[in-house]
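To start, the structure under review is shown below, and the notes come after it.
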There are 4 protein chains.
Amino acid sequence: MYVRVDPADATPIYEQIARQIKFAVASGVLQPGELTPSVREMARQLAVNPNTVARAYRELQDEGILTAQRGVGLAVAEDAPERCRQDRERWVYERLKQVVDEALRAQITPRQLERMLRDLLRSLPQQENAP
Amino acid sequence: MYVRVDPADATPIYEQIARQIKFAVASGVLQPGELTPSVREMARQLAVNPNTVARAYRELQDEGILTAQRGVGLAVAEDAPERCRQDRERWVYERLKQVVDEALRAQITPRQLERMLRDLLRSLPQQENAP
Amino acid sequence: MYVRVDPADATPIYEQIARQIKFAVASGVLQPGELTPSVREMARQLAVNPNTVARAYRELQDEGILTAQRGVGLAVAEDAPERCRQDRERWVYERLKQVVDEALRAQITPRQLERMLRDLLRSLPQQENAP
Amino acid sequence: MYVRVDPADATPIYEQIARQIKFAVASGVLQPGELTPSVREMARQLAVNPNTVARAYRELQDEGILTAQRGVGLAVAEDAPERCRQDRERWVYERLKQVVDEALRAQITPRQLERMLRDLLRSLPQQENAP
DNA sequence: GTGGTCTAGACCACG
DNA sequence: GTGGTCTAGACCACC
């Protein structure tokens, strides 16, 4: 499954779900027109309350990523991939900016930041695309 | 002032205050032995509830960064700079790791991340040390 | 075709169908004795679940607008036009009342409402009767 | 109180609440900077579950009508009145358009519609502004 | 079967 | 005191 939740993470579960679905759409794992797992099904798999999943899905509907097929389920919108890719890039950029900004204000040098990034890219596992 | 709070930021205000004081100590803006502004004074300047400032100060005392001078106020501990520098580096590294990790899982490429960092280092204002 | 459904509209599809058939009868597009399209046919044309069409037809039967011709289909009842005209007027009136009521409670002035109606009557396409 | 809910109305309670608050802001009953009644307080007054009120408030935050004052409550945003007035006008116009459109398609004449509106404006109670 | 709404109540962080 | 999150479970309309 393309969604995992980390209960330890401080960010709300419903946000984790919504974001990961966006990322799945951005990377093509979820295609336009495809139905998401039903609220109950996803809730079961994640061992989470259905309301929590429903809230994630509602946010995605509000953003136009998912569209309701009444009585059928929620489908990925046609223009979703493009927007999810933009969201993804913007999201990463903003988060990175926050860190870098605060680091510079705390007198961490650009050189230190570059070294940290190199270290991280070497140590973190490379991910594989599953289209 | 070496402390600014951003009410829009989701991280608790008391945490923002505590971290920025640590960073001020790490970079030498606040010297060992120096007194911090009183709770009321800082609260007034930041337009923030005194309880919030008090909580930040309490945490810093618990960590031994600040030490109470009875009847006088709170002073920066002698060994604070060294520890704050370590804290600062660790904090930046952990935050950076979080971002990079999630970015890679979302199929952002290392190359993209390197480019983002370069962009940010070029665009963000350089800070000056005030020892 | 005298029936169109708008999936974006929040009102149930079966209700949209039933209402539009009533309106078609009221305006003479559907004549007494005339057969409606079969459930399957209408479902195909509207790209809608046959159950949904069936439900609309069932409601119209319950109201006596349509009458079953065994083995043939559903026909418009003899006295249907008169009743559909009444229904139509009542429906429009009630809906208009709801809007006007809520608008007045929200401090929209009668003058504004009159202007809105004039604008709408000028801009909306005039319909032609197809008896 | 400037919010009343009608359980008979098909529109969800949380939407009724959100809309009426918007209307209160639009008409000046709620001023920028003013705090809304707390979630619990409003829930008590309306005899409704706090979650339901919270959902209405959340929507208003998402739209930028309300802004959170952490630990204090939810305040009306500075630019809210202007936007609420626009929302209100647009909302009424869209609803009116729906009715008129469907009425014309059902062969109700413009003259009939104008008469209905006149009737309604004469019969419905005039509201008073409470700024 | 699907999602949507609402209730009830617990727990938490923040100020 | 404030709002926010999450759980549990009921009920409903729609397809």
Side-chain angles (χ1 to χ4, degrees), chain A residues 5 7 9-17 35-43 46-58 60-61 66-75, chain B residues 5 7 9-17 39 43 46-56 58, chain C residues 5 7 9-17 39 43 46-56 59, chain D residues 5 7 9-17 35-43 46-58 60-61 66-75:
Chain A
V5 303
D9 189 338
T11 72
I13 297 176
Y14 69 84
E15 267 190 38
Q16 295 184 38
I17 297 174
L35 290 177
T36 59
S38 82
V39 168
R40 292 159 171 87
E41 169 63 12
M42 165 102 41
L46 300 180
V48 142
N49 190 290
N51 282 331
T52 306
V53 177
R55 176 157 181 192
Y57 281 6
R58 178 160 20 100
L60 293 169
Q61 279 188 78
L66 299 182
T67 61
Q69 314 283 324
R70 287 192 276 190
V72 179
L74 299 172
Chain B
V5 304
D9 189 337
T11 70
I13 295 176
Y14 74 88
E15 216 174 301
Q16 295 184 37
I17 297 174
V39 167
L46 300 180
V48 144
N49 190 306
N51 286 333
T52 308
V53 177
R55 177 158 181 187
R58 178 156 33 89
Chain C
V5 304
D9 189 337
T11 70
I13 295 175
Y14 76 88
E15 216 173 300
Q16 295 183 37
I17 297 174
V39 168
L46 300 180
V48 143
N49 190 306
N51 286 332
T52 308
V53 178
R55 177 157 182 186
E59 297 222 335
Chain D
V5 303
D9 189 338
T11 70
I13 297 176
Y14 69 84
E15 266 189 37
Q16 296 184 38
I17 297 174
L35 290 177
T36 60
S38 82
V39 168
R40 292 160 172 86
E41 169 64 11
M42 164 101 44
L46 301 180
V48 142
N49 189 290
N51 282 331
T52 306
V53 178
R55 177 157 180 191
Y57 282 7
R58 180 162 18 101
L60 293 169
Q61 279 187 78
L66 299 181
T67 60
Q69 314 284 324
R70 288 191 276 191
V72 178
L74 299 173

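Below, chain A is the first sequence line, B the second, and so on; all start at residue 1.
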Check: N51(A) side chain, dG9(F) base, donor-acceptor under 3.5 Å:
yes
Let me know the distance between [atom1] of [X] and [atom2] of [N], rounded to the nearest Å.
X: Y57(A); N: dT2(E); atom1: OH; atom2: P; answer: 11 Å
X: N49(A); N: dT7(E); atom1: CG; atom2: P; answer: 17 Å
X: Q61(D); N: dT2(F); atom1: CD; atom2: C1'; answer: 12 Å
X: Q16(B); N: dG15(E); atom1: CD; atom2: C1'; answer: 14 Å
X: L46(D); N: dT7(E); atom1: CG; atom2: P; answer: 10 Å
X: Y14(C); N: dC15(F); atom1: OH; atom2: P; answer: 8 Å
X: R70(D); N: dG1(F); atom1: CZ; atom2: C1'; answer: 16 Å
X: E41(A); N: dG3(E); atom1: CD; atom2: C1'; answer: 15 Å

So, does R70(D) use its side chain to make a donor-acceptor pair with the main chain of A10(B) at under 3.5 Å?
yes
Is the backbone N or O of T11(D) less than 3.5 Å from a side-chain atom of Q16(D), with the two atoms forming a donor-acceptor pair by type?
yes
If only side-chain N and O atoms of [X] are considered, is one of them under 4.0 Å from the OP1 or OP2 phosphate oxygen of [N]?
X: R58(D); N: dG3(F); result: no
X: R55(D); N: dC6(E); result: no
X: T52(B); N: dC14(E); result: no

Among [options], which nucleotide has an atom closest to any side-chain atom of [X]?
X: R40(D); options: dC6(E), dT7(F), dG3(F); answer: dG3(F)
X: S38(A); options: dC15(F), dT2(E), dG3(F); answer: dT2(E)
X: I13(A); options: dT7(E), dC6(F), dG4(F); answer: dC6(F)

Closest non-hydrogen atom pair between [X] and [Y], with its separation:
X: Y57(D); Y: P37(D); value: OH-O, 2.8 Å
X: N51(D); Y: N49(D); value: N-OD1, 2.7 Å
X: A43(C); Y: P50(C); value: CB-CA, 3.7 Å

First encountered from the 5' end of DNA chain E, between G73(A) and V72(D):
G73(A)
Taking pairing as Watson-Crick or G-U wobble with both contacts under 3.5 Å, can you name the mate of dC14(E), or confirm there isn't one?
dG1(F)
